[in-house]
Amino acid sequence: MFVFNSEAFADIPPVRYRPGLDSAFMLASGFKTHRLLESFGFHDGTHVIVYDYSAPAVALRRMMVEEWNGVNFGAFFASARERLAKMFTGSIVYHPWDLTRDPALVEKEFQSEVNGSFQNAEHWAAHWKKYRALKHSFEPADILIADEAQRLIASHAKGNALIWISDIFNSPNADGKMSWERRKLAYDT
């Protein structure tokens with residue numbers, strides 16, 4: 001499960017929708033969701049659909065939205081990690097592994113991501129408060145399976161919609177788990 005984003009923000013086009021996105025399909029990992037929403041725009045009626053093939057990642061994002069006040073992510077994550085271990089059988093592999101073991105390093109990385117996307121702590125706090133008040137749906141889904149992607153979109157898309165798929169077709173995780181033929185078929189579909 002990816003706790004932080006491993007990709008740059010340079011791929012976000014300078015496009016803004018007025019009055020903002022109506023539905024936003026966002027991966028559960030990291031904080032790029034917030035940069036995307038700030039860039040494209042969102043409003044009080046925006047519906048955020050949090051999806052991921054990793055059920056623990058979706059559960060962490062739900063905990064964040066429902067419980068976290070937007071400060072001291074390192075301490076929050078350490079507590080959430082213990083709860084996730086009880087919720088899911090088997091081991092959960094956190095990425096980046098070396099960073100996510102230490103709450104101080106988690107907090108440092110969180111601060112780095114927020115500082116790269118927001119003008120200051122007050123800007124982040126205002127965004128987080130507005131984000132938490134939005135309608136959220138939490139959907140464990142592997143969108144490389146065409147039926148799951150179609151179900152997700154058909155059941156939630158409306159108006160100006162954005163779907164963030166990250167680098168699912170060429171990430172090391174996809175390369176290691178799926179053949180080129182499967183990724184190509186999913187991409188074409």
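Both backbone and side-chain heavy atoms feed into the values below; hydrogens, waters and symmetry mates do not.
Remark: Leu21 CG to Leu37 CG distance equals 6.5 Å, nearest 0.5 Å. Phe2 CZ to Ser54 OG: the interatomic distance, rounded to the nearest 0.5 Å, is 9.5 Å. With values rounded to the nearest 0.5 angstrom, Asp147 atom CG is found 12.5 Å from Leu152 atom CG. In this structure, the separation between CG on Asn115 and CG on Asn120 is 9.0 Å, given to the nearest 0.5 Å.
Between Leu36 and Met26, some side-chain heavy-atom pair lies under the 4.5 Å cut-off. The shortest side-chain heavy-atom distance between Leu84 and Tyr94 falls under the 4.5 Å cut-off. When side chains are defined from C-beta on, Val58 does not count as touching Leu60, because their heavy atoms never get closer than 4.5 Å. Looking at Thr46 and Phe40, their side chains never come closer than 4.5 Å, going by heavy atoms from C-beta outward.
The cluster map of Ile, Leu, Val, Met, Phe, Trp and Tyr, joined by side-chain heavy atoms under 4.5 Å apart, puts Met64 and Phe88 in the same cluster. Taking hydrophobic clusters as Ile, Leu, Val, Met, Phe, Trp and Tyr residues chained together by side-chain heavy-atom distances below 4.5 Å, Leu27 does not share a cluster with Val93.
Not counting sequence neighbours, the partners of His123 by the ring pair (Phe, Tyr, Trp, His ring centres under 6.0 Å) test are Phe118. Under the side-chain hydrogen bond (donor to acceptor under 3.5 Å, both in side chains) criterion, His127 pairs with His34, Glu38, not counting sequence neighbours. Taking the side-chain contact (heavy atoms from CB on, under 4.5 Å) definition, one finds that Lys108 meets it with nothing, sequence neighbours left out. For Glu107, the side-chain contact (heavy atoms from CB on, under 4.5 Å) partners two or more places apart in sequence, or in a different chain, are Asn72, Phe73, Phe110, Gln111. Under the ring pair (Phe, Tyr, Trp, His ring centres under 6.0 Å) criterion, Phe138 pairs with His136, not counting sequence neighbours. Not counting sequence neighbours, Lys129 has no partner by the side-chain contact (heavy atoms from CB on, under 4.5 Å) test. Residues satisfying the side-chain contact (heavy atoms from CB on, under 4.5 Å) test with Asn69, not counting sequence neighbours, are Val71. With sequence neighbours left out, Asn160 forms a side-chain hydrogen bond (donor to acceptor under 3.5 Å, both in side chains) with no residue at all.
Heavy atoms only, all atoms of each residue included: Ile165 and Tyr51 are closest at CA-OH, 3.5 Å. When all heavy atoms of His43 and Leu134 are compared, the pair lying nearest together is O-CD2, 3.2 Å.
Sorted by first then second residue, the salt bridge (charged side-chain N to carboxylate O under 4.0 Å, His left out) pairs that include residues 47-62, not counting sequence neighbours, are Arg62-Glu66. For residues 148-157, the salt bridge (charged side-chain N to carboxylate O under 4.0 Å, His left out) pairs, not counting sequence neighbours, are Glu139-Arg151. Applying the salt bridge (charged side-chain N to carboxylate O under 4.0 Å, His left out) test to residues at least two apart or on different chains, none of the pairs has a partner in residues 88-98.
The neighbour count for Lys135 NZ, taken as heavy atoms of other residues, nucleotides or ligands under 6.0 Å away, does not exceed 12.
With hydrogens and angles disregarded, no donor-acceptor distance shorter than 3.5 Å links the side chain of Trp164 to the backbone of Lys32. Using modelled atom types, no side-chain atom of Ser29 and backbone atom of Phe4 make a donor-acceptor pair closer than 3.5 Å. The main-chain N or O of Gly116 is found under 3.5 Å from a side-chain atom of Arg35 such that the two form a donor-acceptor pair. Using a distance-only test at 3.5 Å, with no hydrogens or angles considered, no donor-acceptor pair links the side chain of Ser23 to the main chain of His47.
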Under 3.5 Å, which donor-acceptor pairs do the side chains of residues 74-83 form with other protein atoms, sequence neighbours left out?
{"residue": "Arg81", "atom": "NH1", "partner": "Thr100", "partner atom": "O", "Å": "2.7"}
{"residue": "Arg83", "atom": "NH1", "partner": "Glu67", "partner atom": "OE1", "Å": "2.7"}
{"residue": "Arg83", "atom": "NH2", "partner": "Glu67", "partner atom": "OE1", "Å": "3.2"}
{"residue": "Arg83", "atom": "NH2", "partner": "Glu67", "partner atom": "OE2", "Å": "2.8"}

For side-chain contact (heavy atoms from CB on, under 4.5 Å), just list the numbers for Phe25 and His156, CA-CA rounded to whole Å, side-chain angles, deciding distance to a tenth of an Å, and then say yes or no. CA-CA 9 Å; Phe25 295 83; His156 295 296; 3.8 Å; yes
Can you list the steps and then say if Phe42 with Lys130 is a side-chain contact (heavy atoms from CB on, under 4.5 Å)? CA-CA 10 Å; Phe42 67 106; Lys130 185 176 176 184; 3.6 Å; yes
Under the criterion side-chain contact (heavy atoms from CB on, under 4.5 Å), I'd like the reasoning laid out for Val65 against Tyr131: C-alpha separation, chi angles, the key distance, then a yes or no. CA-CA 8 Å; Val65 169; Tyr131 173 79; 3.8 Å; yes
Val3 and His95: CA distance, side-chain angles, deciding distance, side-chain contact (heavy atoms from CB on, under 4.5 Å) verdict: CA-CA 6 Å; Val3 178; His95 298 285; over 6 Å; no
